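Below: one structure, written as structure tokens.
It should be emphasised that the depicted structure is a prediction, and the values quoted were computed from it without experimental measurement.
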Amino acid sequence: GANNIANMAEKEEENEQANEQANEEEETEQAREKKKEEETEKDKETNKQREQQGKQEKEKERQEDLRKRREDVAFASLKAAIEELLGLDPRTPQSRQKKGASVATTHRYWALDFDACSIAFRLASSPSSLLEGREDEVPAFEIVKVTHRKTAGSERSSKA
């Protein structure tokens, strides 16, 4: 009888240990699952943040491209206008070579002033060809400097 009681107590103890071990494994498994869920949530949040950053970067790039295109169009328009103006020989009538006149222009540099900028340019043709009165050579001008003026607060008064 005492052996049976000892065996039963031993079996009960083994069962308790097995139950405790099973409970611990279950708790460990639950903790793993909870940790996995938390990591999944963190991953989702991180992915959302990355997506938002990606969208913001794409928007910045799009805005920068748009700004560059606008600048390119503005620059091309300004360049075309300046080239057209210089093609009209912007020198004063007194500075131009007149046919049959022996006196060539003494001025080599000119400036055009606008509200937003000033453009300095010079005669690029050789002075000897202008002195000789060669009609086949058209005066060429070269832009020396373009200065941008801030229009706010520094508006020029009209000379008219």
Option among Q17, K11, E16 that satisfies the side chain to side chain contact (heavy atoms under 4.5 Å, CB included) test with E13: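 Testing each of Q17, K11, E16 against E13, the sole residue satisfying side chain to side chain contact (heavy atoms under 4.5 Å, CB included) is Q17.
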
I'd like to check Q63 versus K60 (side-chain heavy atoms, cut-off strictly below 4.5 Å). Are they in contact?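 Not touching, per the 4.5 Å side-chain cut-off.
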
Rounded distance [0.5 Å steps], [atom1] in [X] versus [atom2] in [Y]:
X	Y	atom1	atom2	value
E45	K48	CD	NZ	6.0 Å
E24	E27	CD	CD	7.0 Å
Q53	T46	CD	OG1	10.0 Å
R70	D65	CZ	CG	12.0 Å
N23	E25	CG	CD	9.5 Å
R50	D43	CZ	CG	8.5 Å

Which residues share a side chain to side chain contact (heavy atoms under 4.5 Å, CB included) with [X], sequence neighbours left out:
X	result
K58	none
E29	R32, E33
E57	none

For E59, give me all partners under salt bridge (Lys or Arg N to Asp or Glu O under 4.0 Å), at least two apart in sequence or on another chain.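 For E59 the salt bridge (Lys or Arg N to Asp or Glu O under 4.0 Å) partners, ignoring immediate neighbours, are R62.
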
Holding to side-chain hydrogen bond (donor to acceptor under 3.5 Å, both in side chains), I want the full list of residues that pass it with E64, two or more places apart in sequence or in another chain.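 With sequence neighbours excluded, E64 shows a side-chain hydrogen bond (donor to acceptor under 3.5 Å, both in side chains) to R67, given in chain and number order.
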
